[in-house]
Amino acid sequence: MSLKFFAHFLFIFQVYISVFLLIIHLQFHFFEIAFLFYFFAGAKPMAAIFQGVGAAATLSSSPSNSFDSNNSVFSPLTSFSVRRGASFAVVRSDGILNLNPKGRRAQQLISNAVATKADSAASSSSSKPGHELLLFEALQEGLEEEMDRDPRVCVMGEDVGHYGGSYKVTKGLAEKFGDLRVLDTPIAENSFTGMGIGAAMTGLRPVVEGMNMGFLLLAFNQISNNCGMLHYTSGGQFTIPIVIRGPGGVGRQLGAEHSQRLESYFQSIPGIQMVACSTPYNAKGLMKAAIRSENPVILFEHVLLYNLKERIPDEDYICNLEEAEMVRPGEHVTILTYSRMRYHVMQAAKTLVNKGYDPEVIDIRSLKPFDLYTIGNSVKKTHRVLIVEECMRTGGIGASLTAAITENFNDYLDAPIMCLSSQDVPTPYAGTLEEVTVVQPAQIVTAVEQLCQ
Amino acid sequence: MALSQLLSSSSRSGNRLKSLSSAISLRHPISTDTTPITVETSVPFTSHQCEVPSRTVQTNAKELLTFFRDMALMRRMEIAADSLYKAKLIRGFCHLYDGQEAVAVGMEAAITKKDSIITAYRDHCTFIARGGTLLEVFAELMGRQAGCSRGKGGSMHFYKKDSNFYGGHGIVGAQVPLGCGLAFAQKYCKDEAVTFALYGDGAANQGQLFEALNISALWDLPAILVCENNHYGMGTAEWRAAKSPAYYKRGDYVPGLKVDGMDVLAVKQACTFAKEHALKNGPIILEMDTYRYHGHSMSDPGSTYRTRDEITGVRQERDPVERIRKLILSHDLATEKELKDTEKEVRKEVDDAIAQAKENPVPDSSELFTNVYAKGLGVESFGADRKEVRATLP
């Protein structure tokens with residue numbers, strides 16, 4: 001029966017399944033590579049992570065994709081694709097982790113993890129499919145592919161053209177696409193953001209770059225009143241398929257004005273979507289999804305994450321804009337985070353696992369609207385929530401998330417939601433003070449211990 | 001004995017010679033000679049809707065030597081900041097002013113400490129010109145307590161309230177409305193002083209600038225908007241950012257003056273003229289034609305959008321320090337050696353300040369919560385875990 005079902009399934013989704021499998025196959029490597037190369041270099045991937053990855057490693061060790069090994073993976077994934085009705089390979093980020101709730105089968109796979117982990121690590125990088133690149137290169141690839149695909153996509157920003165972008169995200173695009181598609185603007189954020197929105201009203205798909213998110217405060221009026229509200233106030237006549245992106249967040253001693261977290265200021269604007277990328281994989285996926293979306297999307301990048309290296313698939317893929325990413329499944333506590341704090345959380349998780357805790361880490365990715373489906377499922381499982389964010393405590397993303405979870409899942413909570421945020425101060429220049437402003441892994445460990453008492 | 005006499009006589013004469021030369025070099029490097037010297041500026045001024053100030057400038061030996069010393073100090077300070085940045089003692093953003101020193105020094109010579117200056121993020125030298133010390137500069141750049149902003153501001157946030165230096169601003173163009181506000185306060189309080197609001201050619205395309213200019217012209221404020229045109233807004237050349245790069249004309253109804261910003265005497269003349277004008281007639285725009293040798297900031301090599309030949313060309317032909325040096329030497333106000341000694345002295349001063357700043361401690365963790373509000377609010381701030389009161393914002 002399973003074979004017949006499988007053949008039937010394959011007949012309908014033959015191309016997509018093979019691609020889908022390849023992506024799942026590849027995704028299993030991502031966490032290995034990501035943790036080997038992520039921001040706090042030198043950190044060894046924790047054993048607990050490999051419990052999840054090891055399950056996949058068994059599959060990866062058989063690159064021939066034999067049906068036997070794949071069958072075990074199939075049922076949760078096929079049920080997913082049937083439910084979602086995906087017409088192309090949208091990789092559901094928690095697709096891998098559907099393995100865990102399958103209990104015994106997961107145990108079987110995990111028991112092989114240690115043995116096969118050595119195999120997969122030993123295999124040379126050239127034999128692995130996909131290609132390795134840095135986060136800013138992933139953003140550039142995503143942007144370039146979308147510009148190739150749709151001639152209405154254009155980029156405007158300061159020094160994006162001839163200079164190649166202050167963080168090299170638009171490098172090489174001006175030479176390839178010309179001055180009218182990659183526009184070097186004068187330093188006039190209010191105007192060129194407004195112009196981008198105006199162009200979007202007619203059907204163009206501009207990607208507006210703020211050299212630093214903080215500069216977009218000059219364009220707040222345009223983003224709030226025009227970008228967010230025009231679709232509503234025109235009764236649906238105009239859509240604004242604009243993408244506003246740029247690096248934000250606390251960098252390395254950049255000073256108060258250049259270390260701002262604008263997601264907290266923009267989150268109340270009705271009509272816009274906000275996403276935050278954190279790995280090269282989701283950076284490219286979110287960039288492409290944002291450009292293809294009919295709604296205005298603000299893509300938050302982080303100044304310190306641009307040099308993260310990861311192996312991403314060669315083929316076309318996008319990440320769902322409204323979806324959260326399960327970084328590490330667990331049982332004891334749900335840690336919700338996004339952008340750079342994800343790496344602080346993962347570093348803290350290493351310590352926590354050594355201390356015997358099993359945190360579930362979710363990168364919420366979608367800052368507006370929240371993926372309450374994934375978050376809710378997690379809360380129902382663990383009953384404890386810790387939010388770790390870089391926003392200020394007052395009026396930050398964490399504050400809204402706390403409210404949303406309390407309103408919807410209050411019955412499932414065993415303890416009050418804890419929210420770790422940056423201090424409510426302008427980011428100081430001095431290095432030691434700046435460190436104290438932002439949440440550090442040690443504080444996360446303390447918070448989880450307190451929460452799990 | 002004759003031999004010893006010979007030796008002693010020769011040594012005595014040698015000593016005498018030595019003492020003579022040392023006496024000359026010990027003549028203090030800044031001559032107090034104030035006999036006027038007349039110098040012509042490098043190029044005549046061009047004006048828009050106002051009369052042109054005279055091309056001949058009155059100066060004296062003391063002033064010229066002071067100019068030389070100040071500009072050499074600034075030049076050395078910026079180069080030292082460059083090496084400190086590469087040694088990772090200064091982090092984040094560091095925008096260097098070398099090449100543009102004449103603007104800061106010339107402006108200061110034309111005004112008093114009662115007049116206000118406000119500028120953007122390229123503020124190290126303007127801070128020094130306003131009376132800041134090298135220790136404050138280096139300590140702030142390295143994030144130490146002795147810095148002018150207690151280590152909390154950084155390179156882009158230098159301020160000095162007692163000498164009316166209002167900073168130090170990171171967001172491009174945001175300081176111009178602030179500057180017009182300062183001018184408004186001066187008019188309101190009848191200070192008989194003016195405000196110099198400096199901005200760059202990149203910021204000249206900001207809308208808020210024209211808004212502030214319009215209001216200043218309406219209300220006759222003593223605001224002098226100074227465009228430090230170094231021809232590049234980070235990586236974008238001025239002709240690619242502005243349809244009309246004649247920034248002194250962009251005020252339209254507001255008069256403007258174009259000045260060679262590499263000639264300190266021209267800058268001084270123009271600022272004196274502008275101050276007189278602003279006190280009588282309201283706002284005026286000065287465009288300083290200047291150049292920066294470094295890139296936009298330390299993370300910008302500065303060579304991807306302009307050729308090295310251009311940079312060396314300007315350095316050879318228009319360098320402000322060299323111009324003053326040549327002027328001093330040609331008027332015989334000091335010898336080559338004296339000028340070199342001044343430079344050595346300046347270098348030593350900078351090195352001492354750096355050493356002192358390195359010893360300085362970093363700010364205490366409790367400093368994180370000070371100066372968020374002015375005293376008296378008593379707001380409490382919690383630690384990251386929200387369980388204990390970390391500090392009460394004073």
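Computed from a predicted structure; not experimentally measured. Residue numbering restarts at 1 for every chain, and letters A, B, ... go by the order of the sequence lines.
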Exercise. Output the distance between atom CD (Gln253(A)) and atom OG (Ser155(B)), rounded to the nearest 0.5 Å.
Key: 11.5 Å
Quiz item: Checking heavy atoms, do the side chain of Leu217(A), its backbone, both or neither come under 4.5 Å from chain B?
Solution: neither
Exercise. Mind checking the CG-CD spacing from Asn190(A) to Gln206(B)? Nearest 0.5 Å is all I need.
Key: 8.5 Å
Self-check item: Contacting moiety of Glu189(A), where chain B heavy atoms sit under 4.5 Å
Solution: both
Quiz prompt | Neighbour count above 12 (heavy atom, 6.0 Å) for Lys176(A) NZ | solution = yes
Exercise. Please lay out, stage by stage, how Tyr305(B) and His162(A) fare under the test side chain to side chain contact (heavy atoms under 4.5 Å, CB included).
Key: CA-CA 8 Å; Tyr305(B) 46 86; His162(A) 293 204; over 6 Å; no
Please report, to 0.1 Å, the donor-acceptor pairs under 3.5 Å made by any side chain of residues 88-96 of chain B, with sequence neighbours excluded.
none

Quiz prompt | Among the listed options Gln440(A), Met211(A), Glu257(A), the residue most often paired with chain B at heavy-atom distances under 4.5 Å | solution = Glu257(A)
Quiz prompt | Minimum-distance pair of heavy atoms, taken over all atoms of Ala241(B) and Pro186(A) | solution = O-CG, 3.2 Å
Exercise. Tell me, please, which residues at least two apart from Tyr166(B) pass ring-ring contact (aromatic ring centres under 6.0 Å, His included).
Key: none
Exercise. Starting at CG of Asp159(A), measure out to CZ of Arg240(B) and round the result to the nearest 0.5 Å.
Key: 8.0 Å
Self-check item: Side-chain heavy-atom pair Glu158(A), Thr236(B) within 4.5 angstrom cut-off
Solution: no
Quiz item: Can you pull out the residues in residues 227-234 of chain B with any heavy atom less than 4.5 Å from chain A?
Solution: Gly233(B), Met234(B)
Practice problem: With chain A as the partner chain, list the residues of residues 168-180 of chain B whose heavy atoms fall under 4.5 Å from it, by residue number, and write 'none' if nothing qualifies. | Solution: His169(B), Gly170(B), Ile171(B), Val172(B)
Exercise. With a 4.5 angstrom heavy-atom cut-off, could you sort out which part of Gln145(B) is near chain A: side chain, backbone, both or neither?
Key: neither
Quiz item: Among Tyr429(A), Tyr163(A), Phe215(A), who wins on heavy-atom pairs under 4.5 Å with chain B?
Solution: Tyr429(A)
Quiz item: So, for Ala430(A) and Pro363(B), which heavy atoms are closest and what is the spacing to 0.1 Å?
Solution: CB-CG, 3.7 Å
Practice problem: Just give me the residue among Thr304(B), Val362(B), Asp300(B) that pairs up with chain A most often, heavy atom to heavy atom, under 4.5 Å. | Solution: Asp300(B)
Practice problem: Enter the distance from Thr432(A):OG1 to Leu368(B):CG here, rounded to the nearest 0.5 Å. | Solution: 9.5 Å
